[in-house]
Amino acid sequence: MELNTLSPNDKKTLDFLLAHVQLNTANFMGYPVSKDFDFTELLPFLNYPMNNLGDPFVACTYDVGSREMEKEVIAFFASLFRAELDDWWGYVTNGGSEGNLYGLYLARELHPKGMVYYSEATHYSVQKNLHLLNMPNIVISTQENGEINYDDLEDTMRMNRHMPVIIMANIGTTMTEARDDIAKIKVILKKLAIKNYYIHADGALSGSYSAFIEPRPAFDFADGADSIAISGHKFFGSPMPCGVVVVKKSNRDRIARSVAYIGSVDTTITGSRNGHSPLFLWYTLKKYGIEGLRKRALHSLDVAAYAEEKLKGIGISAWRNPNTITVNFPVPSLAIRQKLQLASENGWSHIICMPNIEKVQIDQLVLEMKAELVAL
Ligand SMILES: *Cc1c(COP(=O)(O)O)cnc(C)c1O
């Protein structure tokens, strides 16, 4: 086939978009997305139709993809999340939302009559997914820091104790990065003598680096989670949205269904699956290694502590949850919000000190905010 080229006008549109993306990537600080990556070495792969159809652990007739890398990525996270040695499985998703959908789907297959509990600070996509899955659910109130209100959770579960319990725990809420404590949730389940339960951990941002924190937050398999979802484009960084979901293999075996057409098992949500994103994640894990990732996490925590202190220093009532990289403060001017692309809710905004953020950028922000305070 003849290769066509873009018209001069279309070429201009493309250049314009690139400039726009470059400028806006440079400025943002309000969303949890790392931008310190260089995947030049992987560019040749963009010329191939990579597709990891079906279950990554079961070979597929279609053989242009990155299954081997995908398996390594899942093995890495199964170990980081302290899954039992022979009882883990997972795949690279299109993002944290799909991982959460998958966790809920497994929970529903295991407990068709279960009731889902999640806090009001839960990510907006969870409600949509509960709707898709048609699962009954109850919203639990939060404490002031955004963490689930354990008393409300206990009272509400007690009222419905004839039903199996499905918990969507936030390992870092979207607005304040509050972590629900899975150990505390387990204590309540025990107290109420609830035997049938499933705990899914939404670790989109915080779950990606919580294993590097001391004391280690209660969020993983050893703490009682049955599945964990994270985003790949947040803490790790990726040009396209992606994520990882890790579940117990014994649970996924209950929903596996063999499909002749692809010669694999249809254990994932979508049909075709991105064959590039597992490769990008693999590349990042290999480049940093576990120690590099730990350093990345500690750097972010250090910068966040610095930002909190500096903002307080100019009289802004900044605060953050213990060991998190999200710094909350009262909504600043529209100009600052637009420049940094800051989300805001109920009078609060935040910056998220992703690994690419350095102290000089914090100093710059503090200067700008101080200038506005003086102008008032
Ligand atoms: C970002 C986020 C999600 C959604 O993840 P995507 O990768 O954007 O799909 C879910 N939960 C929390 C707490 C998040 O921060």
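Heavy atoms only: backbone and side chains are in, while hydrogens, waters and symmetry mates are out. Note that the structure is predicted; figures quoted are calculated from it, not measured.
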Only one of Asn51, Asn274, Asn52 clears side-chain hydrogen bond (donor to acceptor under 3.5 Å, both in side chains) with Ser66; which?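 With Ser66 as partner, Asn51, Asn274, Asn52 yield a single side-chain hydrogen bond (donor to acceptor under 3.5 Å, both in side chains), made by Asn52.
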
Does atom [atom1] of [X] have more than 12 heavy-atom neighbours from other groups under 6.0 Å away?
{"X": "Lys295", "atom1": "NZ", "value": "no"}
{"X": "Lys71", "atom1": "NZ", "value": "yes"}
{"X": "Lys12", "atom1": "NZ", "value": "no"}
{"X": "Gln127", "atom1": "CD", "value": "no"}
{"X": "Glu84", "atom1": "CD", "value": "no"}
{"X": "Asn134", "atom1": "CG", "value": "no"}
{"X": "Phe45", "atom1": "CZ", "value": "no"}
{"X": "Asp15", "atom1": "CG", "value": "yes"}

Looking at [Y] and [X], is any side-chain nitrogen of the basic one under 4.0 Å from a carboxylate oxygen of the acidic one?
{"X": "Asp155", "Y": "Arg158", "result": "yes"}
{"X": "Arg216", "Y": "Asp220", "result": "yes"}
{"X": "Glu109", "Y": "Arg254", "result": "no"}
{"X": "Lys312", "Y": "Glu309", "result": "no"}

Using only atom types and a distance under 3.5 Å, with no angle test, would you say the side chain of [X] pairs donor to acceptor with the backbone of [Y]?
{"X": "Ser34", "Y": "Asp36", "answer": "no"}
{"X": "Arg108", "Y": "Leu133", "answer": "yes"}
{"X": "Arg67", "Y": "Val58", "answer": "yes"}
{"X": "Asp202", "Y": "Ala204", "answer": "yes"}
{"X": "Arg179", "Y": "Asn323", "answer": "yes"}
{"X": "Thr270", "Y": "Arg273", "answer": "no"}
{"X": "Asn170", "Y": "Gly172", "answer": "no"}
{"X": "Ser238", "Y": "Pro241", "answer": "no"}
{"X": "Thr93", "Y": "Gly95", "answer": "yes"}
{"X": "Gln361", "Y": "Glu358", "answer": "yes"}

Apply side-chain contact (heavy atoms from CB on, under 4.5 Å) to Ile166 and Tyr197, showing your working. CA-CA 6 Å; Ile166 298 169; Tyr197 62 84; over 6 Å; no

Do [X] and [Y] sit in one hydrophobic cluster, given that two such residues count as connected whenever their side-chain heavy atoms are within less than 4.5 Å of each other, even indirectly?
{"X": "Val187", "Y": "Ile148", "result": "no"}
{"X": "Phe39", "Y": "Val244", "result": "yes"}
{"X": "Met163", "Y": "Met157", "result": "yes"}
{"X": "Leu42", "Y": "Val92", "result": "yes"}

Can you label the angle between the [X] ring and the [Y] ring as parallel, tilted or perpendicular, going by 30° and 60°?
{"X": "His111", "Y": "Tyr198", "answer": "perpendicular"}
{"X": "Trp89", "Y": "Phe57", "answer": "tilted"}
{"X": "Trp348", "Y": "Trp319", "answer": "perpendicular"}
{"X": "Phe280", "Y": "His276", "answer": "perpendicular"}

Hey, could you give me the [atom1]/[atom2] distance between [X] and [Y], rounded to the nearest 0.5 Å?
{"X": "Leu340", "Y": "Gln364", "atom1": "CG", "atom2": "CD", "result": "9.5 Å"}
{"X": "Ile351", "Y": "Ile362", "atom1": "CD1", "atom2": "CD1", "result": "4.0 Å"}
{"X": "Leu334", "Y": "Lys339", "atom1": "CG", "atom2": "NZ", "result": "14.0 Å"}
{"X": "Leu110", "Y": "Arg252", "atom1": "CG", "atom2": "CZ", "result": "13.0 Å"}
{"X": "Ile213", "Y": "Phe219", "atom1": "CD1", "atom2": "CZ", "result": "8.5 Å"}
{"X": "Asp181", "Y": "Lys186", "atom1": "CG", "atom2": "NZ", "result": "12.0 Å"}

My understanding is that only one of Phe77, Trp282, Phe76 makes a ring-ring contact (aromatic ring centres under 6.0 Å, His included) with Phe236; could you say which?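 Of all the options given, the one that passes is Phe77.
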
Hey, mind stepping through Leu293 and Leu285 against side-chain contact (heavy atoms from CB on, under 4.5 Å) and telling me if it holds? CA-CA 8 Å; Leu293 293 171; Leu285 298 181; 3.9 Å; yes

Please find out if less than 6.0 Å separates the ring center of Phe81 from that of Phe221.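 Distance test on ring centres: not under 6.0 Å, no.
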
Checking side-chain polar atoms at under 3.5 Å, does [X] have a donor or acceptor matched by the opposite partner on [Y]?
{"X": "Thr40", "Y": "Asp38", "answer": "yes"}
{"X": "Arg337", "Y": "Ser349", "answer": "no"}
{"X": "Tyr288", "Y": "Arg296", "answer": "yes"}
{"X": "Ser250", "Y": "Asp253", "answer": "no"}
{"X": "Glu41", "Y": "Tyr283", "answer": "yes"}
{"X": "Asp152", "Y": "Tyr117", "answer": "no"}
{"X": "Thr326", "Y": "Glu177", "answer": "yes"}
{"X": "His123", "Y": "Thr174", "answer": "no"}

Does the side-chain contact (heavy atoms from CB on, under 4.5 Å) test come out yes or no for Thr122 and Thr173, once each step is laid out? CA-CA 6 Å; Thr122 300; Thr173 59; over 6 Å; no

Show your working on salt bridge (Lys or Arg N to Asp or Glu O under 4.0 Å) between Lys184 and Asp180 and close with a plain yes or no. CA-CA 8 Å; Lys184 283 188 187 158; Asp180 298 340; over 6 Å; no

Checking salt bridge (Lys or Arg N to Asp or Glu O under 4.0 Å) against Lys248, which of Asp226, Asp87, Asp86 comes through?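 For Lys248, the salt bridge (Lys or Arg N to Asp or Glu O under 4.0 Å) test succeeds with only one of Asp226, Asp87, Asp86, which is Asp226.
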
Quick one, Asp10 with Ser7, criterion side chain to side chain donor-acceptor pair (under 3.5 Å). Give me CA distance, side-chain angles, the key distance, then yes/no. CA-CA 5 Å; Asp10 292 338; Ser7 71; 3.2 Å; yes

Check step by step if side chain to side chain donor-acceptor pair (under 3.5 Å) holds for Asp363 and Tyr306. CA-CA 9 Å; Asp363 291 339; Tyr306 179 81; 2.5 Å; yes

Tell me which one of Val139, Asn129, Leu130 satisfies side chain to side chain contact (heavy atoms under 4.5 Å, CB included) with Val116.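 Among Val139, Asn129, Leu130, the one that satisfies the side chain to side chain contact (heavy atoms under 4.5 Å, CB included) with Val116 is Leu130.
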
